[in-house]
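As structure tokens, the structure follows; a few thoughts come after it.
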Amino acid sequence: MPVIAYREALNQAMTEEMERDDRVFLMGEEVAEYDGAYKVSQGMLAKFGPRRVIDTPISESGFAGIGIGAAMVGLRPIVEFMTFSFSLVAIDQIVNNAANMRYMSGGQFTIPIVFRGSSGMAGALAATHSHRLEAWYAQIPGLTVVLPSTPADAKGLLKSAIRSDDPVVFIENEVLYADKGEVPEGEHLVPIGKADIKRAGSDVTLITYSRSLHATLAAAERLAADEGIEAEVVDLRTIRPLDLETILASVVKTHRAVIVEEDWPYCGIGAGVSDRIYRSVFDELDAPIARVAAKDAPIPYSRALESTMLPSADRVIAAVKEVLYRG
Amino acid sequence: MPIEVKMAKLSPTMESGQLVKWLVKVGDKVKEGDTLAEVQTDKAVMPMESFDDGVVAVLDVKEGDEIALGQRVLVLAKKGEDPKAVASSVGQGKAAPAKAAAAATSAAPPQAAPAHADSTLVAGNGHDSSAVAAVTASSAGGRVRSSPLARKIAGSEGIDLAQVAGSGPNGRVIRRDVEAYLAQAKASPKAAPAAAIAGAARQSKRIPHSRMRKTIADRMQKAKQAAPEIHVTVDIRMDKVVEIRETLNKRLAAEKIKLSLGDFVTKAVATALVKHPGVNASYEPDAIVEHGTVNVGIAVALEGGLIVPVLQNADRLGLREIRIGTEALAVAARSNKLTPAQMTGGTFTISNLGMYGVRQFDAILNLPEVGILAVGSVEKRPVVEGDKLVVGTIMTVTITADHRAVDGALAAEFLRSVKEFLEEPAAMLL
């Protein structure tokens, strides 16, 4: 199986889907002439031409709205935000129009659109450019929210997202773009709404997604080597709809859970997932669910301070010991 | 409908109050605006007023009790309502849990529990707090902190979680505790049922030291290590004090002051200390310091410890002032409101266990003081008068003295003075 980077996997997914379906097109800032701010759309202008790979002005609200309109009349747009921090100015389009159009029109219009782009703390981007907005979007009925953590999932999930007849918020992570991994060629679809067990274990369930998967897996390996603790790592991949079945099966097996996320703790994904676990399998828990999240503060510009905000293997290990009642 | 009077917010930051004094009793008529009780808030002692007219049917709390905001403190029967009927109707609902608790926590005969509940109902004053206390005690014993999984396993294995020692935070019983318990039970199958029966009612508890406990432990140990003690005991006839106390209390009734026998002991001790300055002293490595003032410490028992507030210049106080001062110190001590000035400067200590029916005991020195008087109960005993056996009212007191400073003869002389002052109280006037 070829080993390619996360950004190449995304490129493959878009290219294959645009070849497969000529209603699919890409629109966003710098996606065409510049080959993408993060080179995700490299070569796509040359391949598909300016009718299907479209540079937009700096006007997120405008081109998000144009995308939604295009979807209403039968096209299948991919709208790229250079970063999801910039989607804040388009949130009315995404939440009010994309998420609700099918409902408000009584099913007359569907919105087969993908909003995609980078997000997260990517190294000295400071408070306003480091947002993790997955919890905002995941709260909205009508949206699907996907956060792939590996190149293979990035390709398989983006292809599924493009084929979805409903709006998908597809959140990449800037730090992951250069990550390499094995990616199946051609028709590789990862189903939306299915979590993936990235590491099997029996002592504790670590629930995570996106970039935090890597700190979590590192923690799991150290726990196995140093403490003999076998952690099961569940990569959510889709946070709306949530694959509760996979989560609960793991927690019922291990009786304890730690949720690891790059987002802030209050009202974050971890809060929502804990709620589901507590209400579903309360009697299976031997310890309160622990959470590792960003510190509850604006993201600092300083790289040194920023690194303390992120979930680290050390923080995950400390949380695991807490739920296992180990010193 | 009877009126339930609940604890109101008497200061802006108040979260709970302590009942200092009831100013009404069961059967009293009260009018709107009447002061029902004095309540110690976080700021001060505040009057608690009635918002209604009625007859007091039930007092739910005792003096000294801590009351949460909104907690019922008393019930008023309204005009036309029979206070006794009100008491039994409002009391019954509250007494029921006590019944259940008694049945659950002990093997009490089924009839005994309701009978107990009824008798406490009739008692009126404070009956409900005893019911509440029973519930709390049972829930403290019955509510076991445990993880949901531990409960599930215990449920399916038929284990009473109260028998399992918890190793989690705050003693939480977690899976490994239940599994360890199960493994042990399987290893000794015969012992298990017996343990189950014995362990059902109680479980071992580990109570971390409070600051007060540490201080007490430290000071008692130092006293025992540093001071060679001598104990001298004497019996004192209290007939005259008892008689005078009755007379004086009649006079003081209007002021709502009631002298205790202990107040007379305080007075006699303070007077005797003036006469024997060697007992009103401190031992220091290079000198004995005889103090110029007589400040008598009075040991007050508290939940989980004790404290010795100090009655300053006790030798200059009359019985009335001694009573008022002692009462104020005890209230402040129990509500944790003692000022540093009220806790320091003692030159001698009195420890009185008379109210527990104790005949005699030895106290441990409150260093650097050189003497502490242990006071037993005042009781009727056979006394030889001349060649006749008569009934006398006797109190036994024992001084513990630091022999580095106080020799046996001095201790005995001091006690002889105390005895003289109490057996002939008029001598204290000299």
Side-chain angles (χ1 to χ4, degrees), chain A residues 201-207 223-224 226-232 234 244-259 265 270-292 315-327, chain B residues 100 104 136 138-189 192 195-196 199-200 202-210 214:
Chain A
S202 53
D203 296 328
V204 59
T205 299
L206 308 182
I207 300 162
L223 283 165
D226 302 342
E227 311 277 345
I229 296 169
E230 291 301 334
E232 180 147 295
V234 177
L244 200 57
E245 202 180 326
T246 300
I247 295 170
L248 296 182
S250 180
V251 173
V252 165
K253 182 169 70 173
T254 66
H255 304 293
R256 46 203 96 227
V258 175
I259 302 172
V273 172
S274 321
D275 164 63
R276 298 289 179 96
I277 296 172
Y278 278 123
R279 284 190 288 119
S280 307
V281 293
F282 183 69
D283 288 323
E284 295 297 334
L285 291 169
D286 200 32
I289 295 167
R291 292 180 55 201
V292 177
R315 289 177 66 198
V316 175
I317 287 167
V320 166
K321 287 185 175 175
E322 189 186 314
V323 299
L324 278 157
Y325 302 106
R326 298 223 188 160
Chain B
T136 318
S138 98
S139 61
R143 168 89 179 114
V144 178
R145 286 199 174 89
S146 54
S147 79
L149 180 63
R151 285 199 290 282
K152 184 184 147 191
I153 299 170
S156 65
E157 297 285 342
I159 298 171
D160 176 5
L161 269 181
Q163 299 168 47
V164 183
S167 67
N170 301 315
R172 182 190 301 151
V173 177
I174 56 179
R175 179 172 71 175
R176 67 172 175 230
D177 302 324
V178 180
E179 286 173 350
Y181 181 89
L182 274 172
Q184 204 183 10
K186 273 174 196 150
S188 53
R202 296 179 295 277
Q203 64 179 132
S204 303
K205 272 204 293 188
R206 192 178 164 81
I207 303 154
H209 294 319
S210 63
K214 281 186 191 150

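This one's a predicted model, so the numbers in the text were calculated from it and none came from an experiment. By convention in this document, chain letters (A, B, ...) are assigned in the order of the sequence lines, proteins followed by strands, and residues within each chain are numbered from 1. Below, all heavy atoms of this structure are taken into account, side chains as well, without hydrogens, waters or symmetry copies.
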Heavy atoms from other residues, nucleotides or ligands near CZ of Arg176(B) exceed 12 (cutoff 6.0 Å) |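 Count over threshold, so yes.
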May I ask you to check whether over 12 heavy atoms, not counting those of Glu179(B), lie within 6.0 Å of atom CD?
-> yes
Name the region of Arg175(B), side chain, backbone, both or neither, that has any atom closer than 4.5 Å to a heavy atom of chain A.
-> both
Per the side chain to side chain contact (heavy atoms under 4.5 Å, CB included) rule, which among Ile174(B), Val173(B), Asp177(B) passes with Asp286(A)?
-> Ile174(B)
Can you name the nearest heavy-atom pair linking Ala287(A) to Ser147(B), along with the distance?
->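 It is N-CB, 4.4 Å.
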Is chain B contacted by the side chain of Arg256(A), its backbone, both, or neither, given a heavy-atom distance below 4.5 Å?
->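 Side chain only.
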What are the residues of residues 315-325 of chain A, in order of number, with any heavy atom under 4.5 angstrom from a heavy atom of chain B?
->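 So far as heavy atoms go, Leu324(A), Tyr325(A) are the residues that approach chain B to under 4.5 Å.
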Test side chain to side chain donor-acceptor pair (under 3.5 Å) applied to Asp283(A) - qualifying residues, sequence neighbours left out =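 Asp283(A) satisfies side chain to side chain donor-acceptor pair (under 3.5 Å) with no other residue.
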Specify which of Gly155(B), Pro169(B), Ser146(B) makes the most heavy-atom pairs with chain A at under 4.5 Å.
-> Pro169(B)
